[in-house]
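Proteins get letters first, then strands, A, B, ... in listed order; numbering begins at 1 in each.
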Amino acid sequence: MIELQNLTIRAGLFVLEGIDLQVETGCYAALMGKTGRGKTTILEAIGGLRRVESGHILIHKTDVTDWSPADREVGYVPQDLALFPTFSVKQHLEFALRLRHWSHERIESRSCELASQLGITHLLDRGIEGLSGGESQRVALGRALSFNPSVLLLDEPLSALDSATRNEMQVLLKAVTQETGVTTLHITHNQDEADALADCSFELQDGQVLQC
Amino acid sequence: MTDQTNSSTASEHRIELKQTRRSDTPFFVVMGGISSCFVLLIVLLLLADLRFASLAEFKAALFKPEIRFAFQLTILSCTAAALLSIWVATPLGYLLARYRFPGRTLVDTIVDIPIVLPPLVLGLSLLILFHQPFFGWEIEEWFRDDLGFPITYRWPAVVLAQFSVACAFAVRTMRVTFDQIDPRAEDVARTLGCTRGQAFLQIALPQAWRGMIAATTIAWARALGEFGPILVFAGATRMRTEVLSTTVFLELSIGNLDAAVAVSLLMVAMAVVVLVVLRLLGTGLTS
């Protein structure tokens with residue numbers, strides 16, 4: 001469950017005040033709104049990447065407002081994906097697991113399982129250079145889901161894809177999130193995308209999050 | 001009739017366009033002319049040096065024990081100064097590139113001071129720093145008497161003088177390097193479980209290796225060319241604090257022009273090697 005209580009976030013001159021939002025456990029929520037309204041800022045605040053001026057962020061009823069991103073156990077896929085240029089695809093899937101000191105066998109098994117689920121087994125030993133948009137998206141998704149986070153944050157994950165790949169990724173996203181039961185908050189501009197994926201939708205309008 | 005008129009108008013228009021077509025030749029002549037003046041100057045300087053020194057004189061000069069000592073000390077001190085520089089420049093460049101903290105502009109300005117300061121002034125400042133008593137305590141005295149490791153007018157002063165200037169250039173290079181690396185990857189790494197330190201070491205640093213090699217090379221090259229601070233802070237004592245840049249000065253001061261030119265050519269060769277390494281790395285000196 002993701003809960004934002006009366007959140008105020010300041011990013012330079014841009015301010016978001018009194019943000020309230022509640023996404024139930026296991027729910028796939030879409031957050032829509034025009035460009036520059038602060039959707040990404042909210043997502044970054046939930047992930048711990050942006051300082052909150054006041055208010056509270058609760059993940060599964062635990063107040064994580066002052067926690068570091070590392071402690072929140074939140075999977076995050078930024079809009080630009082931000083893949084690690086010096087890593088292979090396999091290293092992307094294994095990175096979070098190594099940080100958690102998983103055994104070699106568990107890491108191997110988890111990365112193979114993820115790769116198979118996302119259809120990137122044939123790419124495991126490749127670097128990220130030359131990956132297509134859809135392949136990069138799958139790697140970023142796999143990296144974010146690798147450590148079984150309870151919350152997944154997706155920042156316009158499908159916006160840069162062609163329509164065929166977008167449809168394919170929508171099916172994959174739906175399947176993976178349903179299978180894992182991860183609580184998902186997905187930022188999008190696309191109403192069709194929200195309709196196809198989300199159990200509930202929110203809109204950021206005039207600095208307020210409204211349930212659609 | 002109308003078709004004929006149209007065709008004739010179009011043809012006239014083409015002729016008019018051809019007559020007024022502008023040429024890029026003056027652009028290339030002016031730009032190439034100005035640029036080639038500088039390139040020609042450097043080439044002529046090197047050719048003049050080469051023409052001045054014969055191979056026999058070059059060999060004779062390089063086999064002199066004091067010049068061999070200066071060569072060895074130069075290699076060692078430049079390497080030490082470059083390694084110290086990259087050790088300091090990497091974290092400092094990262095902090096300046098990534099964080100907005102109070103006094104950041106001041107730190108940024110202070111880092112640049114050795115670049116703009118006249119070299120002799122830097123040497124003099126080092127000398128004063130090491131011999132200025134602070135409430136009855138003196139840095140040089142402490143190093144010499146308590147640690148048994150005198151600095152001033154010894155080889156460590158050479159390294160310190162070279163480091164003071166070289167590090168500033170290394171910091172600039174590392175800052176540009178980290179500026180060019182997308183911080184989003186480090187943010188994502190933090191959500192995956194990294195501390196800021198781990199994100200720096202495991203995500204940012206592996207991407208910065210080219211910049212680190214470029215910064216080390218630039219620091220090494222700057223250290224090679226240092227003369228003023230070394231002369232003031234370390235002196236130019238033969239077989240003790242003499243590096244190649246001071247050798248040129250010492251040989252000139254005793255009227256041995258052949259040896260001075262031979263050492264100069266050796267330094268040119270070393271500089272060329274450094275520049276080739278930089279170009280191969282594809283980073284260029286402009287950063």
Side-chain angles (χ1 to χ4, degrees), chain A residues 11-12 40 43-51 59 64 67-88 91-102 127-129 136 139-155 157, chain B residues 86-87 89-91 93-105 108 173-217 280-284 287:
Chain A
T40 299
L43 218 62
E44 286 176 343
I46 298 170
L49 298 171
R50 195 168 283 282
R51 231 171 61 84
I59 292 177
V64 298
W67 289 22
S68 76
D71 297 328
R72 296 186 186 209
E73 297 284 315
V74 165
Y76 175 46
V77 179
Q79 193 175 359
D80 60 358
L81 305 181
L83 295 178
F84 307 143
T86 56
F87 280 32
S88 68
Q91 284 173 317
H92 276 87
L93 303 184
E94 293 178 347
F95 184 65
L97 311 180
R98 291 192 192 285
L99 289 167
R100 283 162 180 76
H101 305 293
W102 283 25
I128 60 158
E129 272 175 40
S136 300
V139 175
L141 186 62
R143 179 182 62 181
L145 287 170
S146 61
F147 58 101
N148 296 316
S150 56
V151 167
L152 179 64
L153 306 173
L154 305 171
D155 192 354
Chain B
I86 197 65
W87 184 252
T90 304
Y94 185 76
L95 287 177
L96 289 171
R98 286 285 184 274
Y99 298 105
R100 304 283 173 268
F101 52 87
R104 179 175 166 275
T105 312
D108 210 9
T173 310
M174 286 315 297
R175 191 191 158 167
V176 171
T177 300
F178 287 119
D179 273 336
Q180 288 169 350
I181 295 173
D182 184 8
R184 300 293 296 161
E186 291 149 63
D187 286 345
V188 172
R190 288 171 61 218
T191 66
L192 293 171
C194 277
T195 59
R196 282 188 194 274
Q198 285 172 318
F200 167 68
L201 289 172
Q202 298 189 41
I203 306 298
L205 213 52
Q207 292 181 64
W209 72 270
R210 274 176 183 271
M212 288 176 75
I213 293 177
T216 310
T217 318
L280 286 177
L281 286 170
T283 48
S287 63

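One finds no salt bridge joining Arg104(B) and Asp108(B) here, because no Lys/Arg side-chain nitrogen approaches an Asp/Glu carboxylate oxygen to under 4.0 Å.
The two residues Ile86(B) and Met212(B) have their closest heavy-atom pair at CD1-O, 3.5 Å.
Every residue meeting the ring-ring contact (aromatic ring centres under 6.0 Å, His included) condition with Phe200(B), not counting sequence neighbours, appears here in chain and number order: Tyr94(B).
When each of Arg196(B), Gln198(B), Gln202(B) is scored by its heavy-atom pairs under 4.5 Å with chain A, the top score falls to Gln202(B). Each of Ser68(A), Pro85(A), Ser146(A), Gly47(A) has some count of heavy-atom pairs under 4.5 Å with chain B, and the biggest count is that of Pro85(A).
Between Ile181(B) and Glu186(B), the closest side-chain pair of non-hydrogen atoms falls below 4.5 Å.
There is no contact between Glu73(A) and chain B, counting heavy-atom distances below 4.5 Å. Interface remark: Asp187(B) contributes backbone and side-chain atoms alike to the contact with chain A (heavy atom separation under 4.5 Å). Interface remark: Ala199(B) contributes no atoms to any contact with chain A (heavy atom separation under 4.5 Å). For chain B, the nearby parts of Arg143(A) are the backbone and the side chain; heavy atoms of each come within less than 4.5 Å.
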Show me, pair by pair, the donor-acceptor contacts under 3.5 angstrom made by side chains of residues 74-81 of chain A, not counting sequence neighbours?
unit_1   : atom_1 : unit_2    : atom_2 : d
Tyr76(A) : OH     : Arg184(B) : NH2    : 2.4
Gln79(A) : NE2    : Glu156(A) : OE1    : 3.4

